[in-house]
*Asks:* 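Before we start, here is the structure in question, set down as structure tokens.
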Amino acid sequence: MYDAPEAPRTGETLRAALAELLDGLPPKQAAQAVDRLIANYRGRTPTDAPVLRDRSDVVAYAAYRMPATFEAVRAALDAFRGQDPDWAPRTHVDVGGGTGAASWAVDAAWPGAERTTTVLDWAEPALALGAELARGTATPSSPALRAARWQRAEIGTGLKLPDADLVTVSYVLGELTEAARDAVVEEAGRAARAVVIVEPGTPDGYLRVLAARDRLIAAGLRVAAPCPHSAGCPIVPGTDWCHFSARVSRSSLHRRVKGGSLPYEDEKFSYVAAVRTPVTPAPSRVVRRPQIRKGQVLLDLCTAEEQIRRETVTKRHGPLYRAARDADWGDAWPPPRT
């Protein structure tokens, strides 16, 4: 995907801030809180109420989930930026932003840009901790993050948003009833020049993104990424689902809770980025991990012709073959440089 040069520095700052946060929380308590939260988030019944109850919940959630949410949203924003690299939001509203992972991702995507950020959530402990992380002195974040506004709001049918260049809604829709999901997406589409919605990369998460995509298009927005068109998705629901992957560095808490030894894990996510202004989407996008074989690369592509097809790139394609060997799941194809 499009490479945001400052993203590693922003991610390192976030990880350092989370490590400081965990210093005061007993490991056993953190692990127990994470176990409970995982069970809650994996439930299929929307709560229509805050999942994070108190500071210990929020600290555990932030340490465990913020890095993955940050990387998933950053990857979606990178793909979006690749279609319009000269555009940068001056106002950003993070709906259901909790402790602010999406706002950190926006900061990584557009580093150094002047921006007014507002984080809305219904859980006061999450907002308080998010502000604490963003304004931390030991690991200072950017001016835009330090100046962000953290406001309590009910994320549901009564949501009213200020007009903004960019609205992000990440890992939120699955917590809402269907009526609330529809209302939140419609309000985001009304208020924003650009909307980026990210959900878990599961069949259910994909269906929520697909429904949101339809509503954004009906509101007059055009799909910028990942789709190369704003027509119907060529994937037949129930046979497959559109999702991507982001690499996440595992913290010590991740390893304790999951019992894993690898220093990383892959976060699967589904997303849509839509804009109100004209946009030229990618000619096609790599929708599965490329298969590299002797002398050839197999790419599964979603194309502007509204179909999923496989393209075989061989050595005889010269520079395109070298580009195919470097291509990653989620990249635009062909890359602009070829």
Side-chain angles (χ1 to χ4, degrees), residues 36-55 57-58 61-62 65-66 69 72-73 76 91-103 105-106 116-131 148-200 202 204-221 269-274 276:
R36 186 183 64 77
L37 292 170
I38 289 173
N40 204 322
Y41 277 106
R42 284 178 178 169
R44 299 178 65 89
T45 303
T47 62
D48 209 19
V51 174
L52 304 176
R53 304 175 306 186
D54 52 31
R55 183 178 173 85
D57 271 3
V58 174
Y61 169 82
R65 281 301 305 166
M66 270 190 84
T69 302
V73 178
T91 51
H92 167 224
V93 176
D94 187 7
V95 177
T99 53
S103 295
V106 168
T116 300
T117 291
T118 302
V119 183
L120 303 177
D121 202 89
W122 49 16
E124 288 277 14
L127 292 167
L129 189 69
R149 295 192 288 259
W150 302 79
Q151 298 178 359
R152 189 178 187 281
E154 182 177 343
I155 311 302
T157 55
L159 180 67
K160 298 297 179 186
L161 299 176
D163 290 347
D165 290 335
L166 174 65
V167 170
T168 53
V169 187
S170 60
Y171 292 81
V172 173
L173 300 183
E175 299 177 29
L176 305 177
T177 63
E178 184 176 355
R181 285 198 296 269
D182 294 345
V184 167
V185 172
E186 288 179 1
E187 179 62 5
R190 181 203 64 78
R193 291 180 60 196
V195 179
V196 176
I197 293 176
V198 182
E199 283 288 297
T202 62
D204 286 344
Y206 158 70
L207 290 176
R208 290 191 292 269
V209 168
L210 193 61
R213 179 184 185 275
D214 289 344
R215 288 193 173 274
L216 293 174
I217 293 170
L221 282 74
F269 65 97
S270 295
Y271 78 98
V272 63
R276 194 164 294 282

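FYI, side chains are in, hydrogens and waters are out, and symmetry mates aren't considered; it's all heavy atoms of this structure.
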*Asks:* As an exercise, state the distance from CH2 of Trp150 to CG of Leu129, rounded to the nearest 0.5 Å.
*Replies:* 8.5 Å
*Asks:* Are the side chain of Asp121 and the backbone N or O of Gly98 linked by a donor-acceptor pair below 3.5 Å?
*Replies:* yes
*Asks:* Val73 and Ser170: which non-hydrogen atoms are nearest, and at how many Å?
*Replies:* CG2-CB, 3.6 Å
*Asks:* Taking atom CG of Leu166 and atom NE2 of His92, what is their separation to the nearest 0.5 Å?
*Replies:* 5.0 Å
*Asks:* With side chains defined as the heavy atoms from C-beta onward, is the minimum distance between Thr118 and Leu161 less than 4.5 Å?
*Replies:* no
*Asks:* Can you name the nearest heavy-atom pair linking Ala183 to Thr157, along with the distance?
*Replies:* CB-CA, 3.6 Å
*Asks:* Check step by step if side chain to side chain contact (heavy atoms under 4.5 Å, CB included) holds for Val198 and Tyr171.
*Replies:* CA-CA 6 Å; Val198 182; Tyr171 292 81; 3.7 Å; yes
*Asks:* Could you report the tightest heavy-atom contact between Thr117 and Ser103, atom names first, then the distance?
*Replies:* CG2-OG, 3.5 Å
*Asks:* How long is the gap from CZ on Arg152 to CG on Leu127, to the nearest 0.5 Å?
*Replies:* 8.5 Å
*Asks:* Test side chain to side chain contact (heavy atoms under 4.5 Å, CB included) on Thr69 and Thr99; report intermediate values, then the result.
*Replies:* CA-CA 11 Å; Thr69 302; Thr99 53; over 6 Å; no
*Asks:* When rounded to the nearest 0.5 angstrom, what distance separates CZ in Arg190 from CZ in Arg276?
*Replies:* 9.5 Å
*Asks:* Counting N and O atoms only, with roles assigned by atom type, does the side chain of Thr116 sit under 3.5 Å from a partner on the main chain of Thr91, one being a donor and the other an acceptor?
*Replies:* no
*Asks:* Rounded to the nearest 0.5 Å, how far apart are CD of Glu124 and CD of Gln151?
*Replies:* 10.5 Å
*Asks:* Would Arg193 and Val167 count as a side chain to side chain contact (heavy atoms under 4.5 Å, CB included) if you check the C-alpha gap in whole Å, the side-chain angles of each, and the deciding distance to 0.1 Å?
*Replies:* CA-CA 8 Å; Arg193 291 180 60 196; Val167 170; over 6 Å; no
*Asks:* Between Thr168 and Ala102, which heavy-atom pair has the shortest distance, and what is it?
*Replies:* OG1-CB, 3.9 Å
*Asks:* Looking at Ala274 and Leu216, what are the two nearest heavy atoms and their distance?
*Replies:* CB-CD1, 4.0 Å
*Asks:* One pair to check against side chain to side chain contact (heavy atoms under 4.5 Å, CB included): Val95 and Val184. What are the steps and the verdict?
*Replies:* CA-CA 9 Å; Val95 177; Val184 167; 4.1 Å; yes
*Asks:* Got a sec, which residues hit salt bridge (charged side-chain N to carboxylate O under 4.0 Å, His left out) with Asp214, two or more places apart in sequence or on another chain?
*Replies:* none
*Asks:* Over all heavy atoms of both residues, which pair between Val93 and Ala164 is shortest? Give the atoms and the distance, please.
*Replies:* CG2-CB, 3.8 Å
*Asks:* For Leu176, is there any backbone N or O sitting under 3.5 Å from a side-chain donor or acceptor partner on Arg181?
*Replies:* yes
*Asks:* Got a second to check how far Glu175's CD is from Glu199's CD, nearest 0.5 Å?
*Replies:* 8.5 Å
